[in-house]
Asks: 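Mind having a look at this structure? Questions to follow.
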Amino acid sequence: MRVPELTSISLLVSGLLGALASGSEQQQAPLSQTLNVFDNLKALEFVQRGELQLFTDGTAQYHSIGVQQPPQLSLSKALFEPTTDPALYTVIVQPQNNDSAHFVLPIRRCRLNADAKKLDETFVLHQNEKGNVFHVDYDAGSSENCVRSQESRQAKKDPVVLTRVLVSKQAQGPVPKLAAAANLDMSTGKEVQPEPPKSFLAKYWYYLIPVVLMLMLGGEEPQQEGNNRRQ
């Protein structure tokens with residue numbers, strides 16, 4: 001009786017896990033951009049080994065194509081000097097639907113240690129305000145591998161690659177506050193302090209004095225005429 005019970009429980013657990021997996025796939029954000037990844041792990045032959053997939057929610061992941069005869073990128077399209085140096089391991093990232101755009105990411109080939117069981121690599125995708133990738137950073141292996149013996153400097157042909165993809169969005173930096181230019185005295189070279197603000201009377205006193213005089217003189221003449229009539 002225990003075998004059927006265990007079988008039913010395992011089927012129930014597998015069904016729940018399958019439902020959760022299908023639910024997580026349905027909740028995945030739509031794909032916004034795809035970039036093809038080529039490398040020259042085998043001499044100067046650039047072969048596509050995967051894709052960088054960006055989603056509308058700002059996340060990204062690496063997807064290995066896993067085919068026996070992957071597409072190749074000819075050197076006539078790359079036309080970059082780092083690709084001709086055999087001491088460099090070069091990764092070329094090419095956005096899909098844009099053959100003219102390339103991100104060439106060379107590193108020292110000795111960083112890929114032949115004795116390592118796995119290879120850690122990191123892609124950092126820099127996006128602008130519109131969500132387009134305008135720059136890519138890449139790092140793989142370790143610089144400590146380059147100081148080891150010559151035998152361990154040979155890169156492993158088929159390493160187990162653990163890829164991490166990060167997304168960095170372009171942000172608006174602080175805007176500087178521009179101050180007014182300093183007023184310098186040419187004779188002394190010192191800054192001239194601005195004059196304090198003047199009051200209304202100090203600015204327009206020469207307009208007010210004639211008006212006051214006219215009012216004072218114009219008010220005496222009618223008073224003298226009234227006194228003469230009374231006499």
Side-chain angles (χ1 to χ4, degrees), residues 14 17-18 20-73 78 80 82-83 85-96 101-127 131-170:
S14 61
L17 293 176
L20 292 175
S22 60
S24 60
E25 293 179 357
Q26 293 176 358
Q27 295 176 358
Q28 191 174 25
L31 187 66
S32 63
Q33 189 177 3
T34 303
L35 300 94
N36 297 329
V37 179
F38 300 84
D39 70 350
N40 63 341
L41 189 61
K42 299 179 180 179
L44 297 179
E45 181 183 358
F46 281 86
V47 178
Q48 183 178 0
R49 63 179 180 88
E51 297 176 347
L52 295 173
Q53 299 176 346
L54 283 83
F55 302 95
T56 56
D57 59 353
T59 60
Q61 69 178 10
Y62 174 79
H63 175 69
S64 178
I65 56 175
V67 295
Q68 294 181 355
Q69 295 181 351
Q72 295 184 3
L73 179 66
F80 293 111
T83 62
D85 190 350
L88 295 179
Y89 168 70
T90 305
V91 175
I92 296 180
V93 177
Q94 180 188 55
Q96 286 188 358
H102 294 84
F103 300 100
V104 182
L105 314 170
I107 63 172
R108 297 178 65 185
R109 190 177 288 269
C110 60
R111 295 174 63 95
L112 311 179
N113 186 12
D115 297 334
K117 296 181 180 180
K118 63 180 180 178
L119 173 65
D120 295 327
E121 66 175 359
T122 302
F123 289 91
V124 181
L125 308 179
H126 299 268
Q127 287 183 313
N132 299 322
V133 177
F134 66 91
H135 183 71
V136 180
D137 290 325
Y138 177 75
D139 186 32
S142 174
S143 59
E144 298 179 355
N145 299 333
C146 296
V147 299
R148 297 181 180 179
S149 61
Q150 186 69 25
E151 296 179 357
S152 62
R153 290 186 181 183
Q154 301 297 327
K156 191 175 182 180
K157 294 183 178 180
D158 297 318
V160 178
V161 182
L162 301 180
T163 305
R164 181 176 60 170
V165 184
L166 304 177
V167 179
S168 177
K169 294 186 178 181
Q170 187 179 22

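Positions are given from 1 along the sequence. Please read all numbers here as calculations on a predicted model, not as lab measurements.
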Asks: Output, in order, the C-alpha distance, side-chain angles, deciding distance and verdict of side chain to side chain contact (heavy atoms under 4.5 Å, CB included) for R111 and C146.
Replies: CA-CA 6 Å; R111 295 174 63 95; C146 296; 3.9 Å; yes
Asks: Of all the heavy-atom pairs spanning Y89 and R49, show the shortest one and how long it is.
Replies: OH-NE, 3.7 Å
Asks: Would you check if the side chain of N40 reaches a backbone N or O of T90 as a donor-acceptor pair within less than 3.5 Å?
Replies: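 Yes, because the side chain of N40 sits within donor-acceptor range (under 3.5 Å) of the backbone of T90.
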Asks: Within this structure, what is the NZ-CD distance for the pair K169 and Q127, rounded to the nearest 0.5 Å?
Replies: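 CD of Q127 is found 6.0 Å from NZ of K169.
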Asks: Taking the side chain as C-beta and beyond, is there a heavy-atom pair between R109 and L88 under 4.5 Å?
Replies: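 R109 does not reach L88 side chain to side chain.
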Asks: Using 30° and 60° as the class boundaries, would you call the ring planes of Y62 and F123 parallel, tilted or perpendicular?
Replies: parallel
Asks: Let me see the working for Q53 and T34 under side chain to side chain donor-acceptor pair (under 3.5 Å), right down to the final yes or no.
Replies: CA-CA 5 Å; Q53 299 176 346; T34 303; 5.5 Å; no
Asks: Calculate, to the nearest 0.5 Å, the distance between atoms OH and OG1 belonging to Y138 and T122 respectively.
Replies: 8.5 Å
Asks: Evaluate the side chain to side chain contact (heavy atoms under 4.5 Å, CB included) criterion for residues Q61 and V165: first the C-alpha distance (whole Å), next the side-chain angles of each, then the deciding distance (0.1 Å), finally the verdict.
Replies: CA-CA 6 Å; Q61 69 178 10; V165 184; 5.6 Å; no
Asks: Kindly indicate whether the side chain of H126, heavy atoms from C-beta on, has any atom under 4.5 Å from the side chain of D137.
Replies: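 Touching, per the 4.5 Å side-chain cut-off.
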Asks: Going from CG on N36 to CD on Q96, what distance comes out if it is rounded to the nearest 0.5 angstrom?
Replies: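 Rounded to the nearest 0.5 Å, the CG-CD separation comes to 4.5 Å.
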Asks: Any heavy-atom pair between the side chains of F38 and V47 that's under 4.5 Å?
Replies: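 Answer no - side chains too far apart.
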Asks: With rounding to the nearest 0.5 Å, note down the distance linking CG in L162 to CG in L119.
Replies: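 Taking CG in L162 and CG in L119, the distance rounds to 8.0 Å.
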Asks: Any idea which heavy atoms bring Q33 and G131 closest together, and the distance?
Replies: OE1-O, 3.6 Å
Asks: Distance check, rounded to the nearest 0.5 Å: N145 atom CG versus L112 atom CG?
Replies: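 Output value for this atom pair is 8.0 Å.
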Asks: May I ask you to decide if L54's main-chain N or O and S32's side chain share a donor-acceptor pair within less than 3.5 Å?
Replies: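 Yes; judged by distance alone, with no hydrogens or angles, the pair exists.
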Asks: So if I apply the side-chain contact (heavy atoms from CB on, under 4.5 Å) rule between E51 and each of V37, I65, V93, which one comes out positive?
Replies: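 Among V37, I65, V93, the one that satisfies the side-chain contact (heavy atoms from CB on, under 4.5 Å) with E51 is I65.
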